[in-house]
Colleague: 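First, the structure itself, so that you have it in front of you.
One-based numbering, in listed order, for ligands and for the atoms of each.
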Amino acid sequence: MGCQDEQLVKTICDLYEKISKLESLKPSEDVNILFKQLVSTCIPPNPSIDVTKMSDTVQEIRVNLIKICGEAEGHLEHHFSSILTSFQDNPLNHLNIFPYYNNYLKLGKLEFDLLTQNLNGFVPKNVAFIGSGPLPLTSIVLASFHLKDTIFHNFDIDPSANSLASLLVSSDPDISQRMFFHTVDIMDVTESLKSFDVVFLAALVGMNKEEKVKVIEHLQKHMDPGAVLMLRSAHGPRAFLYPIVEPCDLQGFEVLSIYHPTDDVINSVVISKKLPIVSTGNVVGGPSCLLQPCNCSKIHAIMSKKKNMMTEEFGAREEQLS
Ligand SMILES: C[S@@+](CC[C@H](N)C(=O)[O-])C[C@H]1O[C@@H](n2cnc3c(N)ncnc32)[C@H](O)[C@@H]1O
């Protein structure tokens, strides 16, 4: 690891030391400053940083940091959703008070573009969002700007998240008719998963590889063959903030494309399709992407030729391969 990378990892570890000493992770000036520093440190795309190759100490910091970020994100969303639902008029007219609203606008557009590129014009009628939270911005952005006739079913294990989220959309004449909230652990949802054309899985459902794979296996078991799974992953130093999802974690799915953003959108997006189950009851094939001959933590899915949503880094890699 070059000295620039070492410096970056040291900065992240120093920030972790400060964040882990905070009394509370609820929004405050100290909390906001530290998390803004952490995010701006992790954002510059730096594909040479492979967090899974670092020392045990750094790995442990990463595991704890992902958990802390998840808790802080929940508090931040709860805080702003409470403010938004206190507005007299339609809270959806004021979403830009949320500091990361622009990121969700960009992430929503990115996820919609990936869906459009991979669904060949099919417009999903029923979408599930798993882990929607107190501020279900992904569902709201998609329903408001991209999928204007689609029905959204949001699943969250936290009843307080759902009561805020349903209040948030209740006064919007359109969204309130197309958006529903279910308080349940997604691991307890089975049959109804079959009714969705697209299932989104929030980055914070499954906070480590093992938990994430368990949720993916559950979805693979109950989703409709051919239905699309949209996952959020992380790449480079952004993997200090969110869990990584690799093609090899998606048994029973065809990985259609992986997109690593190079702007201020933090999450990578992985789009895959549940493979059909053949008559012997076995799933057809495993992840069908062309995988780099390297270990799982470094596998880069090379998207099928007809897709061109590649970052420069993938593009260069593809040239080497062809
Ligand atoms: C903080 S939100 C982030 C999602 C973000 N609002 C979005 O629109 O992309 C993540 C949510 O996942 C929920 N969650 C975590 N594990 C879950 C599970 N097993 N089933 C359902 N929801 C879960 C948490 O309660 C939390 O509210």
Side-chain angles (χ1 to χ4, degrees), residues 25-27 35 39 66-82 84-85 91-92 95 98-112 114 127-147 152-169 175 179-190 192-193 196 198-219 221-222 229-234 238 241-243 245 261 265-270:
L25 292 171
K26 289 187 175 156
F35 277 97
V39 169
I66 288 174
K67 281 197 191 104
I68 289 173
C69 289
E71 192 188 326
E73 183 172 326
H75 287 310
L76 188 73
E77 291 198 10
H78 211 278
H79 173 77
F80 280 95
S81 193
S82 307
L84 284 161
T85 47
L92 301 194
L95 293 175
F98 184 63
Y100 296 103
Y101 179 52
N102 261 337
N103 295 61
Y104 275 100
L105 287 175
K106 289 181 187 172
L107 181 58
K109 175 79 174 58
L110 167 62
E111 289 173 328
F112 175 68
L114 278 169
V127 168
F129 192 93
I130 299 167
S132 42
L135 192 56
L137 284 178
T138 298
S139 294
I140 291 169
V141 166
L142 288 169
S144 307
F145 304 112
H146 304 296
L147 296 170
F152 288 78
H153 284 269
N154 297 283
F155 297 86
D156 201 294
I157 199 168
D158 176 357
S160 69
N162 281 333
S163 53
L164 268 174
S166 28
L167 190 56
L168 190 73
V169 304
I175 304 291
M179 200 157 282
F180 305 95
F181 297 89
H182 310 276
T183 300
V184 66
D185 181 338
I186 195 60
M187 300 304 280
D188 297 332
V189 181
T190 53
S192 50
L193 282 169
F196 297 107
V198 179
V199 175
F200 281 81
L201 182 63
L204 297 176
V205 179
M207 299 292 270
N208 57 46
K209 174 71 81 177
E210 197 190 332
E211 285 174 15
K212 186 73 83 175
V213 169
K214 232 170 89 188
V215 178
I216 293 171
E217 284 169 351
H218 177 75
L219 296 176
K221 198 166 156 206
H222 297 290
L229 177 60
M230 294 289 283
L231 288 152
R232 280 144 185 203
S233 178
R238 299 171 192 210
L241 308 175
Y242 289 105
V245 177
V265 170
I266 299 177
N267 290 113
S268 299
V269 181
V270 181

Colleague: First locate atom CE of Met230, then atom CZ of Phe129, and finally report the distance between them rounded to the nearest 0.5 Å.
Modeller: 10.0 Å
Colleague: Is there a polar contact between ligand 1 and Thr138, counting only N or O atoms under 3.5 Å apart?
Modeller: yes
Colleague: Mind telling me whether Phe98 and Phe80 have parallel, tilted or perpendicular rings, with 30° and 60° as the class edges?
Modeller: perpendicular
Colleague: Looking at atom 18 (C) of ligand 1, what's its closest protein heavy atom, distance included?
Modeller: Asp185 OD1, 3.8 Å
Colleague: Enumerate the atoms of ligand 1 whose separation from the nearest heavy atom of Leu137 is less than 4.0 angstrom.
Modeller: 8 (O)
Colleague: Which residue holds the protein heavy atom closest to atom 27 (O) of ligand 1, what is that atom called, and what is the gap in Å?
Modeller: Asp156 OD2, 2.7 Å
Colleague: Please state which part of Val215 comes within less than 4.0 Å of ligand 1, counting heavy atoms only: side chain, backbone, both or neither.
Modeller: neither
Colleague: Hey, is Ala203 touching ligand 1 through its side chain, its backbone, both or neither, going by heavy atoms under 4.0 Å?
Modeller: neither
Colleague: Can you pull out the closest protein heavy atom to atom 20 (N) of ligand 1? Residue, atom name and distance to 0.1 Å, please.
Modeller: Ile186 N, 3.1 Å
Colleague: Which of the numbered atoms in ligand 1 are under 4.0 angstrom from any heavy atom belonging to Ser132?
Modeller: 4 (C), 5 (C), 6 (N)
Colleague: Is there a nitrogen or oxygen of Ala202 sitting under 3.5 Å from a nitrogen or oxygen of ligand 1?
Modeller: no
Colleague: Tell me the contacting part of Val184 for ligand 1: side chain, backbone, both, or neither, using a 4.0 Å heavy-atom threshold, strictly below.
Modeller: backbone
Colleague: Can you confirm, on distance only, whether ligand 1 has an N/O atom lying under 3.5 Å from any N/O atom belonging to Ala161?
Modeller: no
Colleague: With a 4.0 Å cut-off on heavy atoms, does Phe200 reach ligand 1?
Modeller: no
Colleague: How far is atom 21 (C) of ligand 1 from the closest protein heavy atom, and which atom is that?
Modeller: Ile157 N, 3.3 Å
Colleague: Using a 3.5 Å cut-off on N or O atoms only, is Leu135 in polar contact with ligand 1?
Modeller: yes
Colleague: Distance under 4.0 Å to a non-hydrogen atom of Gly133: what atoms of ligand 1 satisfy this?
Modeller: 2 (S), 27 (O)
Colleague: Residue-level breakdown please: for Glu77 versus ligand 1, do any non-hydrogen atoms fall below 4.0 Å on the side chain, on the backbone, on both, or on neither?
Modeller: side chain
Colleague: Who's closest to atom 2 (S) of ligand 1 heavy-atom-wise, of Ala165, Gly131, Gly74, Gly108?
Modeller: Gly131
Colleague: If you count the atoms of ligand 1 from 1 in the order shown, which ones are under 4.0 Å from a heavy atom of Glu73?
Modeller: 3 (C)
Colleague: Would you mind listing which atoms of ligand 1 come within a distance below 4.0 Å of any non-hydrogen atom of Asp158?
Modeller: 25 (O)
Colleague: Drop me the distance from Ser192's OG to His182's NE2, to the nearest 0.5 angstrom.
Modeller: 7.5 Å
Colleague: At under 4.0 Å between heavy atoms, is it the side chain or the backbone of Arg232 that contacts ligand 1, or both, or neither?
Modeller: side chain
Colleague: When you measure from atom 15 (C) of ligand 1 to every protein heavy atom, which one gives the shortest distance, and what is it?
Modeller: Val205 CG2, 3.9 Å
Colleague: Hey, what do you get for CD (Glu77) to CG (Asp158), rounding to the nearest 0.5 Å?
Modeller: 10.5 Å
Colleague: Please report the interatomic distance CE(Met187) to NZ(Lys214), rounded to the nearest 0.5 Å.
Modeller: 5.5 Å
